Structures are given as structure tokens and as C-alpha cells.
Amino acid sequence: MADVPFRFRSDDVVADPAVTVDAFAAQTNATAVRIEPGEDARALLPFLDRLRLVEVNFPTFTDGRGFSAARVLREAGYTGELRAVGDIGVDQLSHLRRCGFDAIAPSAELDPAEAATAFAVWPEVYQATGDGRPPIWALRHTAGRGK
Amino acid sequence: MYVYDQYDQAMVDARVAEFRDQTRRRIEGTLSEDKFRPLRLQNGLYLQLHAYMLRVAVPYGTLSSAQMRVLGDIADKYDRGYGHFTTRQNIQYNWIKLEDAPDILADLAKVEMHAIQTSGNCIRNISSDHYAGATPDEIIDPRPYAELLRQWSSFHPEFLALPRKFKIAVIASETDRAAMRLHDIGIRMVHNDAGEIGCAFYVGGGMGRTPMIAPLLNGFVPLDHLITYAEAALRVYNRYGRRDNKYKARIKILVHELGIDEYRAQVEAEFAHLQTQGIEPPIAELERIKAYFVDPTFETGLSDAIDLSNADFARWVRANTAPHKAPGYAIATISLKPLGKAGIPGDATADQIRTMADLAKAYSFDELRVTHAQNIVLPHVKKADLFALWQGLVAADLATANLDAITDIIACPGLDYCSLANARSIPVAQKISERFAASAKQDAIGELKLKISGCINACGHHHAGHIGILGVDRKGTENYQLLLGGSEGADTSLATIVGPGFSEDGIVDAIEKATNLYLAKREDGERFLDTYRRIGMAPFKETIYG
Ligand code: SF4
């Protein structure tokens, strides 16, 4: 079973191996899939109800396509585990969370204290990304808050 | 001017803390240079030939006197006593130590400044018209929209690892002073038929090795959809932009390869979807921002007369001031292009920077602008104060009267600083300036925008110069190609290479020949560019190589 050092959900870790997007479309009983950077997350939208795990691979952290893939899935209503895997350092953690990842399995081990600092780096956020955090503009225009 | 509230301040402070921690990890060795590089770039820190360079953001080119003063102090405290204003309205320091960078960011944060996303493959600092809020020819001040975009693009988690850098400009006049259509996204504020204000989006412009003029993406995006539309445009780029070849990774290549219609169709689909997601700030937020950009309290009943009995002053007024929307006021440009070898285009010493801050405080409602032509604008000067201002500039060696003249050269740092350069830019600029300053010819020539890049990356915007110079490497020696006919204005065009390249002295001679031909051929009121467009390349080629 995959080692997932950062997980922000309470259900059991999905043990099924994640298959490729092509294989997933062909296997009607598969519940876990892995997206590579060049693949379009929208191909999974017809199958959201049977999906329990989507792994999004970041072969290199400078390739940010996985951030969009995550938001596309969440915006379409996917509520299963969304796991970022690959070349992920502490400095990407907050951005991954903001885009909707609720599980992160970096290929190299991260220092837990540094990771904790990194997750908490932004006191507030400027954008609405569907991660549940109210953006600054909302705080400013909510009665009793902001100015 | 926009003023931070507690949220903006908290975000910038958080960034300083984050970067301090990243720098510590780098110095201690737990963060490799490979991993650190993209992080430091997103804080404006480049490794150049001799030292680190730090690029500080000047959002839409607008600065207060207090901010300008701090920019001068940083030059003294952390650099060698000067700073370099850039073609994207920012300022950069060329001699920075890595361990000082977090402290500089902390000093900047105290005056609501930062270096966020001034480099790297992310949405860069938003640029705008340096005459915004002062010029009579705009339909509205474009800066509140730029500020809204600044906040949206700052630390946008989806767009911090784009295929390539992404530059946005926002303007609101027909006269394009920001090279809007040479940006990844150019936005022009426009009226629709119903008289409402909205945004015309242009996409896929840029310079670099494949210069392109941005085609129109959408002629009218309503104000309450601005952010949603921008997000859709960026998401399509993030999804499809090429990552296999960094020279083909800009959005201009994507738009070119997909075609604007297909790109538009994708953006519209994403836009329709994103409108269901509630990502657009309310109009109240735009109104909140706009309140910071109201006009200063201009005096009324002022005379427009200026005493021009001092000939040097008269020359400066004619060259370096522009009409203001308020009677009795002018827009004054401080040229950072001293004649001949007296300086480097765009550079200012710490003392000069502080002097400009003081002059802005005394004469321009506390406000300055950085222009993409690497000069400084005092946007709101009473005509009655122009003489005193000019005297202050003379005392600081800042009164060069050459705005938009052939010696008002844009030059990239070139081989003197830049590790990518093929050739030096600065000495060529100085030689040209020297040649034309010595004769009275620069006055006779009038408006002539000359731009120099030290390599094909085109940071000196040579494609958009009436005359452009491109440094190339020819069998190990520096060689310069000459281009004619570019423009970044409302009539945007890309310059064309004339023919075989020249040596450093040869290029200066070639430019002199080209301008001589212009002087001989020009018709009433024609600028160099107009004559070139009328008579074409052939006569120039003949004169230059014949
Ligand atoms: S144009 Fe080339 S030489 Fe000049 S600054 Fe850009 S990369 Fe460096």
C-alpha cells in the first residue's frame, strides 16, 4: 500500500493500484486512476461516481499541469481522494492543498516540521479555488470583517 | 494610490517569512540549487554573470515618494549605490548577496512593496500606462483593474508553474504607451455600445525569438467577469502550453499553433464552466480599489502659460512634458538617458532616486511612475512649478531633454551583466547617444524610438523599435543586426532586419546613414517611422550598404 505521509481525510487509504487513464476507461471495475501531466482530467468526468482515488503525478515540480487537473476534478464535484505524487517539496504543499489535493505522497521524504510550517504559510488567500478558504475579497466585504 | 489593508500586508509579510526560510534552507544546504531556483525566481532573484540580481515589483509602474526613497536607500545599503529601471516598469539591483535578499524584501514590505513574481514561470507584475490617471486621452484610469489582477495573480496556486512566464498589461486609451499587444495578455478598457466599461482581451503577443502581435480574443468582457475570464484564459494555457521546448512555451506559440479561433473556443468553454464556480470578486471590491485611485485635489483656475524665456528650460519642456487632463497641469518625464557616455540607460544613483522622490513630494502629489521606456514620470505637475522642478533636475543631472528622441534609447543589460547575452548593449547605446548628441541632429530628427537587445530574447524590445539593434554572436565576435520599422504604439508593428550585421562602430555609422536618408526624404510632419513606412526598406538598404 502506498505510503501517504500527508493525508487530510479520515476514510481508509485506497489500496487498489492506480491504473492509467486509458486502462481505467476500459476496466469498468477499477476505482483508482493515475493522471500524467499530458493527460486531460476531463476524460475522467464521466466516471466520477466510481472513482475513489485519483493520483496526479508531478514528474517534476516545475510542471504545473497537475494543479489545473486537480481543480477541474474538484469543480466537477469529485469528492474522493485526490493525491499528488512525485517530485514534491515542502514549498509546493500549500499550493497543492489550495488546488484541492487532500493527500500528498512526495517521492522523497520531507521534514515534518518544515512541512507543517509550509502548510500554514498563508494567513489568508487572495483567490477562491474551491478549497473552502474564503478569499480576502470575501472577508473584506463580509459585514463586521475587513474594512 | 492603492494602500494596503491588513490583508495585503499580511500576505506580503508571509511571503518575506517564507522566502527567509527558503533562503536559510538553501544556505544550510537542505534545499538544492535546482529546487531553490524556481523559488528564488518567483521572488525576483536571478543569478547573473557576477552576482545575484534582485528585481523589485512596481505594480503598474506607480510609486509614492516614500516608496521611491526606500528604493534609493536599498541601492545604498545593499547594492553599489544605484538601481536600474526596467522595461516592465520595475527596478532591479545588480549586485545583491543571497543572504541579504530576505532583509531587502523585509525593508520593501515596510513600504508596501515586494518582489513577488517578478521572474519565473508565473504571472508577472502587471504593467500599465505610465500616464494613467493623468492623461486626457484615456476613458478611465486602468490601474484599479490592474490592482484587481495583481491580487488575483499573487500566489495563484494553479498558475505558479506555468509553461513559461506570463505578462499582462492593462491600458485604457487608444494611444498605447504600454506595448499592450506585445504582452501574453493585453487588456484595453473599452466602452461597449451601451456605454458600459469592459475589457477587450488580446492574447499571445510577445517579443523574444518569435515576436508576435496579439490578436483580439474577446472585444468586451464585462467588469464583473474580468477575473473569471482571465482565469479561463490561463487555465487553457496551463493545460496546453508546450513544455517540451522552452522556446515554444509562451502562449503566443500556443495561440499560433491552435489558431485564435480554437483557443477562443476553449477559453469560452472554460469560462462558461468557471462562471458556475463563484471565483469572481464582487463589484464592491473593484469599487473599494477604485476609491484609492481618485484624482488628487487639483487646483482650479490655473493658467496654462509657461515662461519659456530660459532656452534650456524651454527645450526640456518641449521634449519632456505632455498634456495633462487638468488645466494648468502637465505630465513631466525625467529622462534616465543621459547623453553620450554619461550613464547607462535606465540607471539612477541612490541620490538621484531620492531626489526624484523629493521632487515628486514637492511637485507631483507624492506620486511617480516608472515607464516601460525606462524613464520616470511625475504625473501631476503644476505648470507654474515646472521651472522649479527643472532646476531641481538640473542640479541632480536629471534634466536631459530627450524624451522619445534617438538618444532616449532602451537597452537591455547585455553582456555587461547578462549570462545569456551575445553582445554588449550598453556601450552601443552610449556610442549612438554620443554621436547624435554631439550634433544638433537629434533635435532635427525628432521622435525616433531606438531599442537594443543583447540577444534574441529581446529584453530591449528591438522588434518594436523604429530602429532596432540585435546583438548576435558571429564566430565569437560581437556583431549587431539592424532592424527598421517596429512600433509598440497604437500602430503596433514588428521591425524587419535590413541585411548583414555590423561591428560596434559599423552599426553607429549605419544608423547615421539611415537617419540622413530620413532627413532627406521626409515629408511634412513625418516621423522616421512614417517615412520608412511610406518609402519602404529598399532605399534604406541601398544607402546603408551601397
Ligand atoms: S535580451 Fe538577451 S542579453 Fe539582453 S537582457 Fe535579455 S537575455 Fe540578456
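Hydrogens, waters and symmetry mates play no part in the numbers below; they use all other heavy atoms, side chains included. Chain letters run A, B, ... following the sequence lines, proteins first and then strands; every chain starts at 1. All values derive from a computational prediction rather than experimental measurement.
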Is there a side-chain contact between A:Glu114 and B:Arg25 in this structure, where contact means two heavy atoms from C-beta onward sitting under 4.5 Å apart? yes
Side chain proximity check, A:Trp137 to B:Leu286, heavy atoms < 4.5 angstrom: no
Do the side chains of A:Arg42 and B:Arg239 get nearer than 4.5 Å, heavy atoms only? yes
Residues of residues 104-113 of chain A within contact distance of chain B, non-hydrogen under 4.5 Å: none
For the CZ atom on A:Arg52, are there more than 12 heavy atoms of other groups (residues, nucleotides or ligands in this structure) within a distance under 6.0 Å? no
Close side-chain approach of A:Ile136 and B:Glu285, heavy atoms under 4.5 Å: no
Measuring heavy-atom distances to chain A, does B:Leu31 have an atom under 4.5 Å in its side chain, in its backbone, in both, or in neither? side chain
Return yes when atom CZ of B:Arg37 has more than 12 non-hydrogen atoms of other residues, nucleotides or ligands closer than 6.0 Å, and no otherwise. no
Sort A:Asp87 into side chain, backbone, both or neither according to what part of it lies under 4.5 angstrom from a heavy atom of chain B. side chain
Could you tell me if the side chain of B:Ile279 sits less than 4.5 Å from the side chain of A:Glu75, heavy atoms only? no
Which portion of B:Pro38 sits near chain A, non-hydrogen atoms under 4.5 angstrom: side chain
Within a strict 4.5 Å, meaning less than it, do heavy atoms of the B:Arg150 and A:Tyr126 side chains meet? yes
At what distance, to the nearest 0.5 angstrom, does OG of B:Ser153 lie from CD of A:Gln127? 8.0 Å
Smallest heavy-atom separation, A:Pro123 atom then B:Ala10 atom, equals CG-O, 3.8 Å
At their closest point, which heavy atom of A:Ala128 faces which heavy atom of B:Gly278, and how far apart are they? CB-O, 3.8 Å
Inter-residue atom distance B:Glu287.CD - A:His141.NE2, 0.5 Å rounding: 9.5 Å
Would A:Val121 and B:Asp21 count as a side-chain contact (heavy atoms from CB on, under 4.5 Å) here? Give the steps. CA-CA 11 Å; A:Val121 66; B:Asp21 189 55; over 6 Å; no
Just so I understand: if I count every heavy-atom pair under 4.5 Å between each of B:Asp8, B:Asp13, B:Leu274 and chain A, which residue has the most? B:Asp8
Within a strict 4.5 Å, meaning less than it, do heavy atoms of the B:Glu158 and A:Thr129 side chains meet? no
Which atoms of B:Gln22 are under 4.5 Å from chain A, going by heavy atoms: the side chain, the backbone, both sets, or neither? side chain
So for B:Asp34, is it side chain, backbone, both, or neither that comes closer than 4.5 Å to the heavy atoms of chain A? backbone
Proximity of residues 58-68 of chain A to chain B, residues having a non-hydrogen atom under 4.5 angstrom: A:Phe61, A:Thr62, A:Asp63, A:Gly64, A:Arg65, A:Phe67, A:Ser68
Less than 4.5 Å to any heavy atom of chain B: does that hold for the side chain of A:Val125, its backbone, both, or neither? backbone
Could you measure the distance from the CZ atom of A:Arg140 to the CD1 atom of B:Ile289? Nearest 0.5 Å is fine. 6.5 Å
B:Asn121 portion near chain A, given a 4.5 angstrom heavy-atom threshold: neither
Residue among B:Arg243, B:His273, B:Gln277, B:Arg235 with most heavy-atom pairs under 4.5 Å to chain A: B:Arg243
